Structures are given as C-alpha cells and as structure tokens.
Amino acid sequence: MRRAKPPLTSAALLAVIVTAVASPVAAHHVGAYVPKDNAITTNFKQVKFSVQAKKFDVALQLFETGALRAEMRAHAATLPAGLEEGTRAALKAGDGAEVERRLMLFFAALARDLAREADRHLADGAATAEVRAATGRKFLEAIWRYYNLVDFAVSVRDNKTSVALRLAFDEADTYVKPTAAAAPLDPGRLRQPFQRIADILSTLVEASSTQARRDS
Amino acid sequence: MTAPDPLTWRMPPRWVLLVGVLSIVCAEVAGASMARFKLELARWARGAMLTHPTIHGLVGVRDVDERILDEALVKFDAGLRLFHMHAEGMGLVVIATATVAATLAGPGAARRAIVGLLTIGGAGYPVGYLVWSALIPSQGLERAKTIAEWLVWIPFGSAAIVALWWLAALVAWRIWRP
C-alpha cells in the first residue's frame with residue numbers, strides 16, 4: 001500500500017493560495033501626515049489666547065515679535081491701510097473685540113489674495129484637468145487654513161458673508177475632489193467658486209475697513 | 001550513539017544568521033545617521049524637491065508650497081524611521097523564524113525554501129522604506145511609493161508572508177504529528 005505523502009507540499013500550496021487571496025501585500029505602513037500650523041497661524045493663536053485671557057501686555061509682545069506683524073508688513077500693499085498700527089493700538093488699549101476684528105480683516109485679506117492667485121493659476125488652459133484639480137485642492141487647503149481661524153469672528157459680525165463663503169468653499173471642494181477630477185471639468189466652472197470666494201472676502205475687507213474709518 | 005532529542009533547537013545556516021545580524025546592524029547605523037545628519041538630510045531633500053517643482057505640484061505661492069514641502073519632508077523622514085524600525089525587527093524575525101524552520105522542518109527542499117524565503121523576504125522588505133524615502137525628492141510621494149512597492153515591498157513582503165504561512169502550517173502539523 002502506498003504511504004500518504006507528508007502534507008508539507010499541500011500545506012505550502014494552501015499557504016500560497018491563502019496569501020495570494022487574503023494577504024494585503026500592497027498595504028504598507030507609510031505613516032500619516034497631520035498638517036502643522038505655520039508661523040503665522042501659530043502666532044495668531046498665541047495672540048488670540050493671550051487676549052482671551054486678558055493678558056494684553058503678553059499679546060502685544062507676541063504681536064511685536066511674531067510672524068503676524070512681519071506678515072502684515074510684507075502684505076501692506078494689499079491690506080487695509082493702518083491695519084498694523086490699529087492692531088497695536090487696540091492691544092495697547094486692551095480692546096479685545098477690536099483686536100479680533102483687525103485680525104479677522106488680516107486673515108480675510110490673506111485668504112482673498114490666495115483665492116485670486118488660485119484663479120490666475122486655474123486660468124492656465126495648458127494644464128490637464130487633473131493638474132487643475134490638484135492645484136485647486138492645494139489652494140483651497142491654504143485658503144481654509146487661514147479663513148477657518150476667523151470664520152467665527154466673521155459669522156458673529158456678518159452671518160450672510162460667512163454662509164456665502166462656506167457655500168462657495170463647498171462648491172470648490174466638490175470640483176477639486178480626486179473623484180471629481182476623473183471627469184473632465186470646464187476650467188471656467190472650476191474658477192467660479194474661487195472668484196466668488198475672492199469677491200466675498202474682498203467685500204468683507206472693504207466693508208469692515210470702511211466701517212472702521214467711520215467709527216474712528 | 002543516541003539519537004538527538006527531537007526538542008533540541010537547531011541553528012539555521014550561518015549565512016542566514018549573518019543576514020539577520022547585518023539587517024540589525026544596518027538599522028542601528030541608519031538610526032544613528034538619521035540623528036547625526038538630520039539637518040543635512042532635510043536640507044538635501046528640500047533642495048532636491050525644489051529642483052522638481054512640477055513633480056511635487058509646487059505652484060510658487062509660499063502659503064501653498066510650504067505645506068506640500070512639509071508633507072514630503074515628513075514622509076521622507078518617516079521612510080528613514082520605518083527603515084530603522086523594520087530592519088531592526090525583521091533581523092530578529094529572520095533569526096527566530098529560521099531557527100524554528102531549521103528545528104521543525106525535515107532536511108530537504110521544503111526547509112531550504114522556507115528558510116530562503118524568510119531570509120530574503122525578511123531582510124529585503126525594510127529596504128523598500130529606504131528606496132521610498134530616497135525617491136521622494138526626485139519622484140514625488142505617490143510615484144516613489146509605487147516604485148518601492150513593485151520593486152521591493154510586494155516581492156519581498158510576499159516572500160516573507162508565504163514563508164511565514166508555510167512555517168505556521170508546519171508548526172501546526174508538528175503539533176498534530178510530533
């Protein structure tokens with residue numbers, strides 16, 4: 001009588017089949033990326049929390065030595081006139097609401113400039129739909145990084161603007177999603193929400209600056 | 001002369017031990033180098049990324065580009081760290097599993113195959129992280145990952161997984177038929 005063969009061969013075969021079918025061979029641990037605050041957003045949070053704690057001397061020192069003031073100077077040409085001086089004066093006077101409003105204007109202006117820049121980049125007709133969507137996605141992330149810091153301050157002062165901006169943002173987000181990029185998208189359509197974001201923020205900055213001039 | 005105790009551990013071939021130990025040595029050297037040359041490595045990677053703006057999707061706007069560069073640098077660093085950890089761990093895994101295979105598998109093709117697959121797969125897999133990391137600056141995150149996958153992770157990882165399943169089946173068989 002023939003002896004049964006050791007089951008090593010069949011075990012190996014089974015292992016191969018199980019591995020081929022069930023093993024996640026392409027699943028590798030490659031780490032996760034959590035976006036960090038940059039120098040501007042970090043300094044904003046430091047100033048904001050100091051103001052909330054009514055430590056205006058600390059907030060003033062953080063403002064004078066931090067990235068916020070440096071950035072205000074770098075963007076002076078596109079910011080409302082006297083934004084830096086006004087912020088400093090509000091900090092010295094211990095006027096928390098005015099500090100918040102000035103910083104809201106600053107970040108709204110930064111987000112507006114990014115939306116305009118995104119529109120210029122998306123106007124490039126030579127780029128493929130995927131490249132345009134990827135560019136839009138990156139700009140949207142950068143815009144949101146700044147705008148979300150002041151969204152609450154905006155909504156408290158002008159709820160309609162806040163809602164309109166969120167709607168424009170959601171529309172842009174739909175167009176730049178990787179799944180949406182698979183279908184060719186009209187570049188003009190992709191630009192529309194960015195143009196709307198820029199317009200909304202532009203109106204907000206101008207209206208708030210005018211209001212400030214009237215109040216002063 | 002008496003027959004050896006069947007429960008006595010058998011050493012795997014010396015070349016297997018050498019590969020396992022070398023893997024641990026490489027892991028330690030890589031870990032030390034990462035700490036010593038952290039700044040130089042980051043500078044090199046950043047410089048190389050800036051020379052390939054299209055690959056990384058840089059748009060020339062600081063507020064957008066800084067995040068793209070930051071993510072690539074974080075992944076570049078993660079690749080080196082994962083190589084350090086995997087090479088260290090897989091060196092030990094190779095030695096341990098090859099010892100189990102040498103002890104439980106009878107001499108012959110099956111034992112040679114299990115030990116060979118475990119050693120080559122186990123020692124080769126961590127190199128994928130080094131390849132991934134090294135390619136990020138010039139190829140971008142996704143393409144670098146794809147290259148590392150098809151060149152290293154999938155072939156070597158599969159070899160190690162097949163060998164481990166095979167070894168698991170062998171151990172189970174030895175429990176049933178000592």
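A quick note: this is a predicted structure, and the numbers were derived from the prediction, not measured. Letters A, B, ... are given to chains in the order of the sequence lines, protein chains preceding strands, and every chain is numbered from 1.
- Inter-residue side-chain proximity for V21(B) and I95(B) is flagged as met; some heavy-atom pair is nearer than 4.5 Å.
- For the pair E141(A) and R137(A), the salt-bridge criterion is not met [side-chain N within less than 4.0 Å of a carboxylate O].
- In this structure, the separation between CG on L201(A) and OH on Y147(A) is 7.0 Å, given to the nearest 0.5 Å.
- E71(B) touches chain A through backbone and side chain together, each having a heavy atom under 4.5 Å away.
- Neither the backbone nor the side chain of L164(B) comes within contact range of chain A; no heavy atoms are under 4.5 Å apart.
- For the residue pair N38(A) and T41(A), a side-chain donor N or O sits within less than 3.5 Å of a side-chain acceptor on the partner.
- The only option from V51(A), V47(A), L68(A) that meets the side-chain contact (heavy atoms from CB on, under 4.5 Å) definition with L62(A) turns out to be V47(A).
- The only option from D65(B), L73(B), I55(B), L58(B) that meets the side-chain contact (heavy atoms from CB on, under 4.5 Å) definition with M49(B) turns out to be L73(B).
- Within residues 107-116 of chain A, the residues having any heavy atom under 4.5 Å from a heavy atom of chain B are, by residue number, L114(A).
- Only the side chain of V74(B) comes within less than 4.5 Å of a heavy atom of chain A; its backbone N, CA, C and O stay farther away.
- Contact check for L167(A) versus E171(A): no side-chain heavy atoms found under the 4.5 Å cut-off.
- For a residue to count as touching a neighbouring chain, one of its non-hydrogen atoms must lie under 4.5 Å from one of that chain's; by this rule W150(B) does not touch chain A.
- For R62(B), the part lying near chain A is the side chain, with the backbone staying farther off; criterion is any non-hydrogen pair under 4.5 Å.
- The ring-ring contact (aromatic ring centres under 6.0 Å, His included) pairs that include a residue from residues 109-143 of chain A are H121(A)-F139(A), where partners are two or more places apart or lie in different chains.
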